[in-house]
Amino acid sequence: MAGRFLGRKFEFPNTYVIVFTVILICAAATWFVPGGEYIRSGNGELIYTQTESAPQTWQVFTALYKGFEKQAGIIVFILIVGGALWMINSTKALDAGIAAFLEKAKALERFAIFRAAGVDNIILVAMTIMFSIFGSIFGMSEECIAFVAISIPLAISMGYDSIVGVGMVYLGAHVGFAGAFLNPFTVGVAQEMAELPLFSGMGYRLVCWGILTIFLTVFILVYASRIKKNPQRSPMYEADGFWRGKILTDTKSIRPYKNKSSWLSFALAMISILLFTIFYSGECSIKLGSTSYDAVWLMPATAVAFALLSVAALRKSVHFYIVTLLVFTIVYLIIGAICFGWYIPEISALFLALAILSGIASGNGANSIVNEFLAGAKDIFSAAFIVGLASGIIIILQDGKIIDTILHSMESSLEGAGRLSSLSLMYGIQTFMNLFIPSATAKAAITMPIMAPFSDIIGLSRQATVLAFQFGDGFTNMITPTSGVLMAVLGMARIPYSKWVKWAWKFILGLIIIGFLLLVPTVLVDIKGF
């Protein structure tokens, strides 16, 4: 028995084992790390004080409940999106839509320029850059969860794998988030805390965003090219059989059809859109940084486009109408996020409406719609569960009162360092902190009131301090298990966390190195705005 046990092949632990192990390690740390917390004084200054430690024991089990409570919004969002997309998949609309899109895209290969570049490569680059822009301008993060469920079947249809599907959406948005020039959640909050003009120093940030986005695009293209030549080289080749079997069905077997209930769905959607347009188009303004542009025309134009494209789709097949519903759900998601500050509740409502309207269009009755939706929620539950479990890491650190102690000890290391060394240490502190506090707003509120005045003392630009925060906040979000969005995306994509880390660590390390190199000129060169 012992020989068989010792000879057993090592198996890398799955995501649940990894996350729970981290929770146990954090709980053990609460027994040895002194307790402490930052308290805001009467004049608004953050002051660190030692407190009685709070060692965690059986709380490792209650951390799951508290994690679910803390991340309830994302968890419900995942279940609703999963139910909505299951409904769409059951109608085969996504299969038909992807097949039609790729057929049109392949037709472009008759032009020499597209043939030379490769249509699939052009689609990959365009989507990566588009999502990087979204991340940089309005801080797209949680919204990626919905897009990933669409990008993965598209990527596999083009001969890639689920990692490429996640890369061009999730990594695109989060590299844009990290290298943002207008993101209100990183640049805006940090500059406000550092008492800098809002979105000042944008010129150099645009350069940083461009370099980081190019690095991401090249990295994904090289990997995608290798997978396309030999799909079995993908670490997800066997697991992606789920997507190949479930989504990429034989499109020749999908017969176009029409029914009366699809027109009922269209009527209900059109009434809702018209009411929304009438009551809210006057409030529609595109917010780019500190600038706001009135866009009264945007919602009427979108409503007209939906009506025209839906009628055209309904005359062809119900499949194409459901795809149109999906496309305009995403369009309204973007409009809502940019113009109205929509977040998880509003986006969840959009996808719930999508599920109902798609079910009606396909001719399902009320009971069938509910059953299909519940099947989708059940199928995606593991993704929702891991989000709650991963959030337990933060709960243990907070309840154990050691997060602020760790932060204070790292900040103390800045004393006596030179300008470049101090900036490097700030960058390292922010990067390390992000493993435990993924929230950009929370980190900015804690660190910037301390680091900004310190940068004045050593003659370091506050803009450089903000940039160090920005990079440190963004890069490790794409690999830390404490990021609810990352765990939700991996769950949606069915990519084990261990395989993601094995694939992504070189990319993240590359980002960290490039981030440091981009910080150096802010100390050595006179840059406008810095």
Practice prompt. Indicate the ring-plane relationship of Phe134 and Phe131, choosing parallel, tilted or perpendicular according to the 30° and 60° boundaries.
Written response: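 Because their plane-to-plane angle is over 60°, the rings of Phe134 and Phe131 count as perpendicular.
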Item to complete: Using the six-membered ring wherever Trp is involved, compare the ring planes of Trp209 and Phe181 and label them parallel, tilted or perpendicular (cut-offs 30° and 60°).
Response: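 Ring orientation, 0 to 90° scale: perpendicular.
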Are any side-chain N or O atoms of [X] and backbone N or O atoms of [Y], one a donor and one an acceptor, separated by less than 3.5 Å?
X	Y	answer
Ser461	Phe530	yes
Lys70	Ile394	no
Ser136	Ile133	no
Ser132	Thr128	no
Thr405	Gly36	yes
Lys499	Pro235	yes
Gln232	Asn230	no
Thr30	Ala27	yes
Asp161	Val164	yes
Gln430	Asp473	no

Any side-chain heavy-atom pair of [X] and [Y] under 4.5 Å:
X	Y	result
Pro197	Gln191	no
Val22	Thr482	no
Phe215	Val175	no
Tyr497	Ile386	no
His174	Leu486	no
Ile396	Gln59	yes
Phe68	Leu64	yes
Leu298	Cys339	yes

Under 3.5 Å, is there a donor-acceptor pair between the [X] and [Y] side chains?
X	Y	result
Gln50	Glu37	no
Asn183	Thr186	yes
Ser151	Tyr170	no

Worksheet entry | Test of ring centre spacing under 6.0 Å for Trp503 and Phe219 |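 Ring centres of Phe219 and Trp503 closer than 6.0 Å.
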Item to complete: Take Thr476 and Phe432 through the test side chain to side chain contact (heavy atoms under 4.5 Å, CB included) and record every step on the way to the result.
Response: CA-CA 8 Å; Thr476 47; Phe432 182 74; over 6 Å; no
For [X] against [Y], the heavy-atom pair lying closest together:
X	Y	answer
Phe20	Val60	CE1-O, 4.1 Å
Ile145	Ala488	CD1-CB, 3.7 Å
Leu460	Arg419	CD1-O, 4.1 Å
Val19	Ala390	CG1-CA, 3.5 Å
Val169	Met127	CG2-CE, 4.2 Å
Lys401	Glu52	CD-O, 3.8 Å

Discussion item. Check Glu195 with Arg462, please: is the shortest side-chain N to carboxylate O separation under 4.0 Å?
Written reply: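 So Arg462 pairs with Glu195 through a salt bridge.
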Item to complete: Evaluate whether atom CG of Leu517 has more than 12 neighbouring non-hydrogen atoms of other residues, nucleotides or ligands under 6.0 angstrom away.
Response: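 Yes.
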Discussion item. Does Asp526 have more than 12 heavy atoms from other residues, nucleotides or ligands lying within 6.0 Å of its CG?
Written reply: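 No, CG of Asp526 has 12 or fewer neighbouring heavy atoms, counting only those of other groups under 6.0 Å.
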Item to complete: Go through Phe507 and Trp500 one step at a time and tell me if the ring pair (Phe, Tyr, Trp, His ring centres under 6.0 Å) criterion holds.
Response: CA-CA 11 Å; Phe507 172 68; Trp500 176 257; 8.7 Å; no
Discussion item. Determine whether Trp342 and Tyr332 satisfy the following criterion, ring pair (Phe, Tyr, Trp, His ring centres under 6.0 Å), listing intermediate values before the conclusion.
Written reply: CA-CA 10 Å; Trp342 283 3; Tyr332 277 103; 7.7 Å; no
Practice prompt. Please name the residue in the list Ile214, Thr213, Ile220 that meets the side chain to side chain contact (heavy atoms under 4.5 Å, CB included) test with Thr217.
Written response: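 When Ile214, Thr213, Ile220 are each tested with Thr217, the side chain to side chain contact (heavy atoms under 4.5 Å, CB included) holds only for Thr213.
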Item to complete: Please report the C-alpha distance between Phe471 and Phe475 in whole Å, then the side-chain angles of each, then the deciding distance to 0.1 Å, and finally whether the ring pair (Phe, Tyr, Trp, His ring centres under 6.0 Å) criterion is met.
Response: CA-CA 6 Å; Phe471 290 163; Phe475 296 152; 5.4 Å; yes
Say you draw a straight line from [atom1] of [X] to [atom2] of [Y]; how long is it, rounded to the nearest 0.5 Å?
X	Y	atom1	atom2	value
Tyr160	Arg226	OH	CZ	13.0 Å
Lys506	Tyr223	NZ	OH	12.0 Å
Met487	Met492	CE	CE	13.5 Å
Lys66	Gln398	NZ	CD	10.0 Å
Cys26	Leu397	SG	CG	4.0 Å
Leu124	Ile129	CG	CD1	10.0 Å

Practice prompt. Kindly determine whether Thr21 and Val17 satisfy side chain to side chain contact (heavy atoms under 4.5 Å, CB included), including the steps that lead there.
Written response: CA-CA 6 Å; Thr21 301; Val17 174; 4.1 Å; yes
Item to complete: Step by step, work out the salt bridge (Lys or Arg N to Asp or Glu O under 4.0 Å) result for Asp240 and Arg494.
Response: CA-CA 8 Å; Asp240 282 347; Arg494 298 175 179 269; over 6 Å; no
Item to complete: Mind running side chain to side chain contact (heavy atoms under 4.5 Å, CB included) on Phe147 and Leu333 for me, showing each step along the way?
Response: CA-CA 11 Å; Phe147 286 95; Leu333 184 159; 4.1 Å; yes
Discussion item. Checking Ile150 against Ile330 for the side chain to side chain contact (heavy atoms under 4.5 Å, CB included) test, could you report, in this order, the C-alpha distance in whole Å, the side-chain angles of both residues, the deciding distance, and whether it holds?
Written reply: CA-CA 11 Å; Ile150 301 165; Ile330 294 170; 3.5 Å; yes
